[in-house]
Amino acid sequence: MTEKEKMLAGEWYLAADPELIGDRMHARKLLKKLNDSAPEDPELRVQLVRELLGKAGKNIWIEPPFFCDYGYNIEVGDDCYFNFNCVVLDVTPVKMGDRVLVAPHVQFYAATHPTQAKARGELWEFGKPITIGSDVWIGGGSIICPGVTIGDNSIVAAGSVVTKDVPPGVIVGGNPAKFIKEVPPSNE
């Protein structure tokens with residue numbers, strides 16, 4: 001297997017692999033164009049997002065600046081919005097359903113590292129996919145850790161660190177994020 005194939009499979013891989021470096025460089029070039037784009041040119045922004053992401057649904061909007069590792073491992077459904085300064089470390093799939101709202105400074109960390117210092121120094125990494133359901137709201141400054149799934153219609157309170165799966169229809173918050181209450185059945 002190539003290092004890229006290992007990365008995509010969630011196995012240990014060397015991040016310093018030339019193919020992966022090239023893929024990250026391609027993403028950085030697209031991100032530079034997106035992050036430097038003029039606010040009065042929304043067509044260019046949409047084009048760049050569609051070129052960057054593995055899947056971009058209709059009516060997706062990403063406010064610059066935005067940062068990611070590869071882009072091609074990110075799948076976003078319809079009617080999604082990312083506010084300013086979001087980061088997606090997409091060494092494995094990061095998938096989002098429809099109508100996901102992502103507040104400023106939210107970070108999705110699918111990448112992780114070994115606990116042994118020597119292996120970290122040699123740039124060994126692996127990833128665990130992140131899955132976000134539909135109709136999810138992720139509050140500002142939250143961090144979504146590797147391997148987490150957030151169920152449909154759930155809310156992550158601002159500043160939360162989500163280390164475990166979140167079931168559908170609940171509000172979680174804190175560090176680590178814990179259950180607060182169920183999402184009310186109507187707009188209360």
Side-chain angles (χ1 to χ4, degrees), residues 2-11 13-39 41-42 44-113 123-133 136-150 156 160-163:
T2 66
E3 297 303 312
K4 182 174 182 175
E5 290 168 336
K6 292 179 203 174
M7 178 187 80
L8 295 173
E11 297 178 11
Y13 68 93
L14 284 170
D17 175 71
E19 180 182 17
L20 294 176
I21 290 170
D23 286 356
R24 288 193 303 271
M25 184 60 67
H26 176 72
R28 297 297 182 279
K29 290 176 182 177
L30 290 172
L31 289 166
K32 173 110 174 86
K33 290 177 185 176
L34 174 65
N35 292 335
D36 290 346
S37 65
D41 196 355
L44 174 62
R45 287 183 174 182
V46 168
Q47 172 195 334
L48 290 167
V49 166
R50 293 200 177 287
E51 191 175 340
L52 177 67
L53 302 187
K55 176 188 172 212
K58 64 179 184 183
N59 301 319
I60 177 177
W61 188 256
I62 296 177
E63 292 286 356
F66 175 76
F67 305 95
C68 65
D69 279 331
Y70 298 96
Y72 54 65
N73 290 322
I74 303 170
E75 296 183 14
V76 180
D78 296 337
D79 305 311
C80 293
Y81 177 79
F82 285 73
N83 213 319
F84 303 102
N85 224 16
C86 290
V87 174
V88 183
L89 301 184
D90 63 311
V91 302
T92 56
V94 176
K95 297 181 180 181
M96 299 181 193
D98 299 329
R99 298 169 304 281
V100 174
L101 299 177
V102 180
H105 302 282
V106 172
Q107 301 169 58
F108 299 87
Y109 296 157
T112 190
H113 301 277
L123 299 180
W124 284 99
E125 295 182 354
F126 72 100
K128 296 179 182 178
I130 294 173
T131 304
I132 310 297
V136 171
W137 174 21
I138 302 175
S142 293
I143 296 172
I144 312 303
C145 290
V148 165
T149 295
I150 298 176
V156 175
S160 297
V161 178
V162 183
T163 60

### Task
Inspect the surroundings of NZ in Lys4 and state if more than 12 heavy atoms from other residues, nucleotides or ligands are less than 6.0 Å away.
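Enclosed: over 12 neighbouring heavy atoms sit under 6.0 Å from NZ of Lys4.
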Between [X] and [Y] (side chain of the first, backbone of the second, donor and acceptor by atom type, cut-off under 3.5 Å), is there such a pair?
X: Asn83; Y: His105; answer: no
X: Asn59; Y: Asp78; answer: no
X: Arg50; Y: Arg45; answer: no

Drop me the distance from [X]'s [atom1] to [Y]'s [atom2], to the nearest 0.5 angstrom.
X: Lys95; Y: Asp90; atom1: NZ; atom2: CG; result: 12.5 Å
X: Thr149; Y: Lys128; atom1: OG1; atom2: NZ; result: 12.0 Å
X: Ile150; Y: Ile138; atom1: CD1; atom2: CD1; result: 4.5 Å
X: Glu63; Y: Leu34; atom1: CD; atom2: CG; result: 10.0 Å
X: Thr112; Y: Phe126; atom1: OG1; atom2: CZ; result: 4.5 Å
X: Tyr70; Y: Leu89; atom1: OH; atom2: CG; result: 10.0 Å

Taking all atoms of both residues into account, what is the closest heavy-atom pair of [X] and [Y], and its distance?
X: Arg99; Y: Cys80; answer: N-SG, 3.7 Å
X: Leu30; Y: Leu52; answer: CD1-CA, 3.9 Å
X: Leu14; Y: Trp124; answer: CD2-CE2, 3.4 Å
X: Ile21; Y: Ala15; answer: CG1-O, 4.1 Å
X: Gly147; Y: Ile130; answer: N-CG1, 4.1 Å
X: Leu44; Y: Ser37; answer: CD2-CB, 4.2 Å

key: Worked check of side chain to side chain contact (heavy atoms under 4.5 Å, CB included) between Lys32 and Arg28   = CA-CA 6 Å; Lys32 173 110 174 86; Arg28 297 297 182 279; over 6 Å; no
**Report entry** side chain to side chain contact (heavy atoms under 4.5 Å, CB included) assessment of Val49 paired with Trp61
**Finding:** CA-CA 8 Å; Val49 166; Trp61 188 256; over 6 Å; no
Under 4.5 Å between any side-chain heavy atoms of [X] and [Y], yes or no?
X: Asp79; Y: Asp98; result: no
X: Ile62; Y: Val76; result: no
X: Val106; Y: Phe82; result: no
X: Asn73; Y: Met7; result: yes

For Phe108 and Val148, run side chain to side chain contact (heavy atoms under 4.5 Å, CB included): C-alpha distance rounded to whole Å, both residues' side-chain angles, the deciding distance at 0.1 Å, then the answer. CA-CA 10 Å; Phe108 299 87; Val148 165; over 6 Å; no
Pick one: which of Lys6, Glu5, Glu125 meets side chain to side chain donor-acceptor pair (under 3.5 Å) with Tyr13?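 Of Lys6, Glu5, Glu125, side chain to side chain donor-acceptor pair (under 3.5 Å) with Tyr13 is met by Glu125 alone.
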